[in-house]
Amino acid sequence: MLEDIGFTASKKNKCVFYKGMIMSLCYVDDGIFPGLSMEEIDDVIEQLRRQDFKVKDKGTMQDYLGINIKFLPDGKIRLTQLHIIDSILEEVSIVNHLKDKIHHLLLASP
């Protein structure tokens, strides 16, 4: 399907495809199209719709598969999974003040 519209499958991960400056990350029946050009992304979405795929454009990503996505003013993107870290800390019964220190360290890291 994605190969039919010009995407190339990654040799390292069967859920990743590339086309120009766009990636496609697919997981089961969910996927995202991060890229540098909204025009190219819109074109890919339209091509998939013409092939009868039910594609919903949900706008700018904020969360995908448990990863929180934050777009920073300098153009960088920060990916975090603090809720997963919280659940691991709870599972191993780490006290709350230690959890807060770990959060602080994660948020302070580049």
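What you see is a predicted model, and the numbers here were worked out from it, not measured in a lab.
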Chemist: What pair of heavy atoms forms the shortest contact from Glu40 to Lys19, and how long is it?
Modeler: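 Reported closest heavy-atom pair: OE1-O, 4.4 Å.
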Chemist: What distance separates Asn68 CG from Gln62 CD, expressed to the nearest 0.5 Å?
Modeler: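 Those atoms lie 9.5 Å apart.
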Chemist: Output, in order, the C-alpha distance, side-chain angles, deciding distance and verdict of side chain to side chain contact (heavy atoms under 4.5 Å, CB included) for Asp42 and Asp57.
Modeler: CA-CA 9 Å; Asp42 290 341; Asp57 184 350; 4.2 Å; yes
Chemist: Would you say that more than 12 heavy atoms from the other residues, nucleotides or ligands in this model lie under 6.0 Å from the CD of Gln81, or not?
Modeler: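 Yes, enclosed.
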Chemist: Please report the closest heavy-atom contact between Leu25 and Pro34, naming both atoms and the distance.
Modeler: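 Where Leu25 meets Pro34 most closely, the heavy atoms are CD1-CG, 4.2 Å.
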Chemist: Less than 4.5 Å apart, any side-chain heavy atom of Cys26 and any of Leu2?
Modeler: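 Sidechains of Leu2 and Cys26: in contact.
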Chemist: For the residue pair Tyr18 and Ser10, what are the closest heavy atoms and their distance?
Modeler: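 That would be CE1-CB, 3.6 Å.
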Chemist: Can you name the closest pair of heavy atoms from Leu48 and Phe33 and give their distance?
Modeler: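 That would be CD1-CZ, 3.5 Å.
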Chemist: Let me confirm one number: the OH-CD1 distance from Tyr27 to Ile32, rounded to the nearest 0.5 Å.
Modeler: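 If we round to the nearest 0.5 Å, Tyr27:OH and Ile32:CD1 are 13.5 Å apart.
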Chemist: Mind listing the closest non-hydrogen atom pair of Gln51 and Ile5 along with its distance?
Modeler: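 Scanning both residues completely, I find the closest heavy atoms to be NE2-CG2, 3.2 Å.
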Chemist: What's the separation between atom CD1 in Ile45 and atom CE in Met38, rounded to the nearest 0.5 Å?
Modeler: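 So the CD1 of Ile45 and the CE of Met38 are separated by 6.5 Å.
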